[in-house]
Amino acid sequence: MPELPEVETVRRGLERSVTGRTVARIEVCHPRAIRRHLAGPDDLAGRLVGATLAAACRRGKYLWLPLGPDRTEALVAHLGMSGQLLVCAPDSPAEAHLRARIGFTDAERELRYVDQRTFGGLAVEPLVGDAATAVPRAVAHIARDPMDPAFDEAAFVRTLRQRRTGLKRALLGQTLVSGIGNIYADEALWAARLHWARPAQSMTRPAAERLLAAVRAVLAAALAAGGTSFDALYVQVNGQSGAFDQSLNVYGRAGRPCPRCATPIRRDPFMNRSSFSCPRCQPRPRDPAPPGDDRARVAKPAKRSAMP
DNA sequence: CAGTGGCCCTGTCTGC
DNA sequence: TGCAGACAGGGCCACT
């Protein structure tokens, strides 16, 4: 599925192949694909037709193309689990799950949104914030991703240690850090030798820094692997993780040996999905308080504290 | 208000 | 062979 490295690969492809083009028409083939555009397909077309795709931007797994010349709005895309943005010849055969197609005034190419499960979709949204850092409304409330030069490491470490939840849940939520999915969360936790259920509050500063370094290393390695299959004209997002799946150490490898210590990898149910970890490298926390449990024990408040 | 869990969607795979 | 059910999972939203 498209993860941050794949989305970045798509962004680079769009930057090269559709920025500067002017929209001539949009055809919505499946209404669910534009459900986030609340004003409906006619409004979407009205805002898009005649606009120039001025740039290609990304935060986490969100992509957006600011609309020129005003740049007060942007075409926002989220690929969900199975979304693809394809740039192809307008007369090439329709894909089985083609949801929307955008034609340009030069008619040389067409931008298509293809999505089997339609968890993702397209919308036109206002850009909010200062001009230099403007992001679409849907993106405004999520944290920067770890590949962002302006990502605030100190804030990540501080905020993580205040969270009253498990590490993996904190990584997957979008308010602390964005762009991390189930695969990269498991891989980063394995690399940092941390259990997915470890209370975030129990993390020391150095441990939190190690976790962030692991996240960055995993994302960077995946981006390097994902970038290799890129074609300038055909912006492709594979249904699989591409070359990087050969580099996975724990994800999807239940029962197979840990690359570090050969202990069989275990799979745990987690939020109606799965969590993969090495029982030996990533031992369960000593006090595995159930989610939502009172963490006062972990915090160990001093006796007779003067605090209220 | 931060944390939690259910739901959306469809194709693929497994097991009976 | 056919069918039912599990599974994949990011983000939203209604709860506590």
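Residue numbers begin at 1 in each chain, while the letters A, B, ... track the order of the sequences.
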Report yes if a side-chain nitrogen or oxygen of A/Thr165 is closer than 4.0 Å to either non-bridging phosphate oxygen (OP1 or OP2) of B/dT4; otherwise report no.
yes
Rounding to a whole Å, what distance do you find between A/His97:NE2 and B/dT10:C1'?
8 Å
Any A/Gln162 side-chain nitrogen or oxygen under 4.0 Å from OP1 or OP2 of B/dA2:
no
Rounded to whole angstroms, how far apart are CD on A/Gln116 and P on B/dC8?
17 Å
Value in whole Å for how far the C1' atom of C/dG11 lies from CZ of A/Arg35
9 Å
Closest to the 5' end of DNA chain C, once A/Ala138 and A/Arg117 are matched to their nearest nucleotides, is A/Arg117
Rounded to whole angstrom units, what separation is found between the CG atom of A/Leu172 and the P atom of B/dG6?
17 Å
Integer-rounded Å distance: C/dA8 P and A/Tyr184 OH
17 Å
Indicate whether any N or O donor in one side chain lies under 3.5 Å from an N or O acceptor in the other, for A/Ser178 and A/Lys61.
no
Does a side-chain N or O of A/Arg32 approach OP1 or OP2 of B/dC9 to a distance below 4.0 Å, or not?
yes
Specify the separation, in whole Å, of atom CZ of A/Arg267 and atom C1' of B/dT14.
13 Å
A/Tyr62 vs A/His78 aromatic rings, parallel, tilted or perpendicular, using cut-offs 30° and 60°?
perpendicular
Taking CE from A/Met271 and P from C/dA8, how many angstroms apart are they, rounded to a whole number?
13 Å
Within less than 4.0 Å of OP1 or OP2 of C/dC7, is there a side-chain N or O belonging to A/Ser274?
no
Which sits closer to the 5' end of DNA chain B, A/Asn272 or A/Arg163, going by the nucleotide each is nearest to?
A/Arg163
Please determine, for the side chain of A/Glu3, which listed nucleotide (C/dC12, B/dC9, C/dG10) has the closest atom?
C/dG10
Just wondering, are more than 12 heavy atoms of other shown residues or ligands nearer than 6.0 Å to CZ in A/Arg260?
yes
In whole angstrom, what separates A/Arg164's CZ from B/dC1's P?
17 Å
Counting any heavy atom closer than 4.0 Å, what does A/Tyr62 reach on the DNA or RNA strands: base, sugar-phosphate only, or nothing?
sugar-phosphate
Around A/Arg35, counting heavy atoms of other residues, nucleotides and ligands shown, do more than 12 lie under 6.0 Å from its CZ?
yes
Please evaluate the base of C/dG11 for a donor-acceptor partner in the side chain of A/Arg36 within a cut-off of under 3.5 Å?
no
Distance-only polar pair, side chains of A/Ser202 and A/Arg198, donor-acceptor under 3.5 Å:
yes
Please determine whether any donor N or O and acceptor N or O are separated by less than 3.5 Å between the side chain of A/Arg273 and the base of C/dG10.
yes
Closest of C/dG10, C/dA8, B/dG5 to the A/Lys61 side chain is C/dG10
